[in-house]
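Lettering of chains follows the sequences in order, A, B, ..., and the numbering in each one begins at 1.
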Amino acid sequence: MVAGTFKESTDWQGAGWAFSVWAAHFSALWGASSAFPVDPAARWIALVATVLALAALALVWRRRRDIGGGFVLPLALGLSAVAILFGALPALVG
Amino acid sequence: MSETGFDHALYDRFPTQGPRPEGELEELERIWCKPTGWQLLTAVNNNYIGIYYVGTAFLFFLLAGVLSLGMRVQLAAPMQEFLPLETYNQFFTMHGTVMMFLFAVPMVEAIGVLLLPQMLAARDLPFPRLSAYAFWAYFVGGLLFFCSLFVGLAPDGGWFMYPPLTSIAYSPGINTDFWLLGIGFIEISAIAGAIEIIVGVLRTRAPGMTLSRMPIFAWAMLVFAVMIVVAFPSVILGTLLLELERAFNWPFFDPTRGGDPLLWQHLFWFFGHPEVYIIFLPAAGLMSMMVATIARTELVGYRLNVLAIIATGFISFGVWAHHMFSTGMPRVSTGYFSAASMAVSLPAGIQVFCWIATLASGRIRWSVPALFVVGGLLVFVMGGLTGVMVGMVPFDWQAHDTYFIVAHLHYVLIGGMVLPMFGAFYYWFGMTSARPLSERLGGWVFWLIFSGIHITFLPMHLTGLMGMPRRVYTYLPDRGLDLLNLVSTVGAFVIAAGVLLFVVDLFRNFRFSAEEEAGNVYGGGTLEWLPTGLYSTRSIPLVRSREPLWDDPGLARRVEEGRYFLPGSATGLRETLITSPINAEPQYLQIMPGPSPWPLAAAVGTALHFLALTVQAYGFSLVCGLVAVACVLRWLWETDRPLKHEEADVGAGIVLPVAITGPSSHGWWALNTLMVVMGMIAFMAVFAYLYLYGIHPEVWIAPPPLWQSGLVAGLAAAALGLAWASRAVLARSPKGVFPGQGPWLLAALGSGALAASAWLNWTGWQDAGLDAAASGQGATVFALAAFQGVCAAIAVIMAHYLGYRSGRGLLTGPANVTLDIVVRFIGYVALQGLLTALVVRFFPGG
């Protein structure tokens with residue numbers, strides 16, 4: 001039960017940003033692999049996008065960690081980071 | 001800290017003390033009176049529209065189920081002749097189409113319309129007439145679409161309608177057109193419902209119901225509606241493009257002229273796979289609500305569950321091409337989609353573990369909803385496991401288009417949506433009926449359906465792995481398939497027996513009531529179990545927890561005594577409280593429209609417009625379209641009138657404004673959501689353009705000259721400026737004073753500039769030698785230009801409607817809702833035109 005206060009205590013907006021970074025990363029990877037299906041450029045773009053996405057997640061954490069709200073933001077960032085790394089694997093081994 | 005400036009100390013005034021004024025409740029009952037006779041057709045409040053909606057969706061479930069029985073009889077033995085080949089093709093196409101488009105999505109939307117206002121303790125959803133329009137459009141359009149089966153004109157190309165099979169060369173009849181125009185139209189109805197739900201969940205929650213106190217079903221419906229807004233434009237665009245190809249020979253999907261049939265698959269599955277989660281998430285929300293009540297404890301991991309719902313919503317948009325593994329996509333691309341397909345099982349798994357943990361930590365009271373919840377969980381997990389299997393590319397190559405996939409998708413959809421739906425029927429039946437459903441018969445219903453599912457679909461895994469392809473109307477004997485198919489057919493009839501028993505129970509016990517309902521049979525703790533009338537709850541409570549009825553047993557009595565917000569009608573009209581999106585702080589009082597025949601008339605006009613297009617009766621179609629537009633304008637005419645009250649006491653001496661304009665208003669939110677829909681259509685059209693360029697760059701020609709592009713862009717920019725000026729002129733007018741004809745004339749000039757820009761865009765490409773029927777470039781460029789033209793035409797109609805209102809003195813300063821909507825729409829269309837025109841003129845061919 002949540003009681004007592006009438007102020008939202010969870011950073012749902014931060015969680016939304018975390019997943020948006022994943023979505024942007026996925027779009028970049030797929031776009032590159034479609035535009036350059038047999039060109040190594042697609043793999044390089046994937047690597048750069050992955051680094052940028054992880055940096056963006058770090059930025060979200062830095063900007064919003066003070067808002068508080070328990071485990072939701074760290075978990076969202078963690079889930080997003082795992083999905084980003086897992087999603088980038090095919091660029092390395094595919 | 002307050003989100004809106006509302007002083008939280010004012011909440012201490014609740015519950016109020018002392019006697020309530022005499023006649024307060026009676027006035028509320030008079031304002032929200034019960035419709036009788038023909039008035040039932042004009043009712044707009046959620047109790048009626050919700051029931052109509054649920055009933056119609058269930059009817060389509062039964063009809064599609066009958067089709068599946070026909071198919072199973074045909075397949076019960078090899079070389080059967082129960083259904084001819086053509087009829088079988090129509091049956092499986094209609095079964096899939098009706099289940100996905102006319103049953104699953106409308107059913108969850110219907111349950112949302114029915115439950116959400118009571119769950120959020122709102123008087124109604126914020127746009128009741130839009131709900132009514134969405135329902136009637138779906139009802140009329142859906143029935144007309146289904147009737148195509150009785151005249152042999154039902155679509156027969158599969159529920160995904162892949163070209164080239166569905167191109168005019170291979171499907172010359174109008175069967176395919178029925179699907180394309182019928183489904184495209186019904187999706188518009190789904191989007192209307194989604195806009196209603198987004199604004200309803202974010203803006204009409206009871207005060208104090210912060211996001212983390214929202215019932216989890218409301219979270220699920222919010223994510224569901226956002227997903228509809230993002231995903232459905234893709235299939236609407238796809239159906240329009242395929243219809244344009246069939247009607248006017250524009251080669252979007254014809255590879256000999258620079259098109260590509262795989263473009264259809266991308267557009268379709270960008271909608272089609274999120275569709276699975278669009279169906280599953282609301283049902284998961286229902287499961288989460290029921291699990292807590294069944295286990296008689298709070299849901300374990302509420303925030304985790306919400307996070308999983310949001311994560312599922314996002315990741316489900318990265319899995320669409322796993323339906324296309326066997327089309328020869330680049331290898332790395334298939335890897336990305338395979339990874340995302342497996343990643344999406346993570347949030348789904350979180351939800352499942354939350355449910356199991358809740359059941360394990362509570363004291364389960366076995367009832368029919370409990371059976372359906374546990375059964376649904378089991379079946380869904382089985383379907384999810386085979387989902388991970390087909391997410392692996394090599395396995396998918398083997399299983400693709402076999403009965404293994406049929407088994408997988410039925411396990412997922414039945415476990416993830418159908419069984420929770422039946423559980424929800426039993427659980428929430430007492431909210432709308434004077435008598436509950438029978439627990440004894442319900443047990444039989446569950447066991448028949450549950451066992452029938454396994455008897456039917458478990459053998460299909462084997463028939464699939466043994467090589468039996470989907471969508472074939474018969475098979476040869478002595479291939480080891482005979483017995484397995486016979487067992488599946490028996491299972492289908494076992495399911496049918498369970499559903500039939502449910503229908504019998506329904507007829508025995510359903511007695512619609514909004515006042516004397518059976519009530520909280522299973523002991524739920526959320527607000528929908530407060531005593532209600534057609535006005536929803538007598539007063540709107542202050543929410544302090546997630547299960548207020550469990551935590552505060554006296555709440556129901558105090559709500560019924562009128563001790564909270566809006567204990568009566570503050571203005572003598574239908575109204576509800578609009579609250580802020582995060583903390584649910586009271587912001588203003590919304591005046592709600594009452595019953596009206598115009599949503600029904602507009603829906604019939606729209607349905608006939610699309611039907612007439614299907615049979616190429618273009619004149620009649622135009623008339624019906626104009627009738628629909630006139631009906632919509634007529635229903636809007638009664639809204640946004642000068643008000644007697646500028647402020648009202650909403651309870652305990654708290655005074656709020658009555659209806660406002662600008663970013664805090666619910667209309668602003670709805671228009672923004674509509675703009676997202678339009679933006680997604682434009683975005684997907686640009687994607688189609690770029691995709692075809694990537695496939696066939698050799699057919700691309702040079703764009704119109706630079707000066708012509710400058711003219712198109714300049715006119716769009718002028719429209720943007722005129723729209724801004726229109727609002728600025730009105731803002732200078734004192735409160736309640738008529739500003740003259742200036743504001744609407746500026747808006748009209750802006751819409752004219754839009755129309756001129758669209759016209760020049762079109763003719764510029766024609767002069768550059770581009771032919772819509774000659775190449776993929778021509779088809780996509782002119783499709784984008786046509787879309788922009790339609791948007792500009794709507795802007796012109798809106799500006800003239802504004803002028804008519806201005807002529808009647810209904811447009812007063814310094815801000816006006818209608819003007820605000822019209823000029824923001826013009827501004828949006830101008831920006832859209834500017835961006836799309838410049839992209840296709842300068843990139844990538846330029």
Does [X], at its [atom1] atom, have more than 12 non-hydrogen atoms belonging to other residues, nucleotides or ligands within less than 6.0 Å?
X      : atom1 : answer
A:F36  : CZ    : no
B:F353 : CZ    : no
A:R63  : CZ    : no
B:F683 : CZ    : no

Which atoms of [X] come close to chain A, meaning under 4.5 Å heavy atom to heavy atom: side chain ones, backbone ones, both, or neither?
X      : answer
B:F6   : neither
B:Y691 : neither
B:L690 : neither

What's the separation between atom [atom1] in [X] and atom [atom2] in [Y], rounded to the nearest 0.5 Å?
X      : Y      : atom1 : atom2 : result
B:L211 : A:E8   : CG    : CD    : 5.0 Å
A:L75  : B:L304 : CG    : CG    : 6.0 Å
A:S80  : B:F314 : OG    : CZ    : 9.0 Å
A:S33  : B:M329 : OG    : CE    : 8.5 Å
A:W12  : B:L222 : CH2   : CG    : 11.5 Å

task = Would you mind listing every side-chain hydrogen bond (donor to acceptor under 3.5 Å, both in side chains) that reaches into residues 335-344 of chain B, with sequence neighbours excluded?
result = B:H322-B:S341
Output the option from [options] having the highest count of non-hydrogen pairs under 4.5 Å with chain A.
options                : answer
B:I315, B:V306, B:T334 : B:I315
B:G313, B:G694, B:A311 : B:A311
B:A343, B:G318, B:P347 : B:G318
B:S333, B:G335, B:P330 : B:S333
B:V344, B:L542, B:L346 : B:L542

message = Whether B:R544 engages the ring of A:F6 as a cation-pi pair (distance to the six-membered ring centre under 6.0 angstrom, angle to the ring normal within 45°) should be assessed.
response = no
ask   = Where is the tightest heavy-atom contact between A:K7 and B:H8, given as atom of each residue plus distance?
value = N-CE1, 4.5 Å
ask   = Would you call the rings of B:F337 and A:W30 parallel, tilted or perpendicular, where under 30° means parallel and over 60° means perpendicular?
value = perpendicular
Interface moiety of A:L79 toward chain B, non-hydrogen atoms closer than 4.5 Å = side chain
Under 3.5 Å, which donor-acceptor pairs do the side chains of residues 13-27 of chain A form with other protein atoms, sequence neighbours left out?
from  : atom 1 : to    : atom 2 : distance (Å)
A:S20 : OG     : A:G16 : O      : 2.8
A:H25 : NE2    : A:T50 : OG1    : 2.9
A:S27 : OG     : A:A23 : O      : 2.9

message = Do A:S9 and B:R303 make a side-chain contact, defined as non-hydrogen atoms from C-beta onward lying under 4.5 Å apart?
response = yes
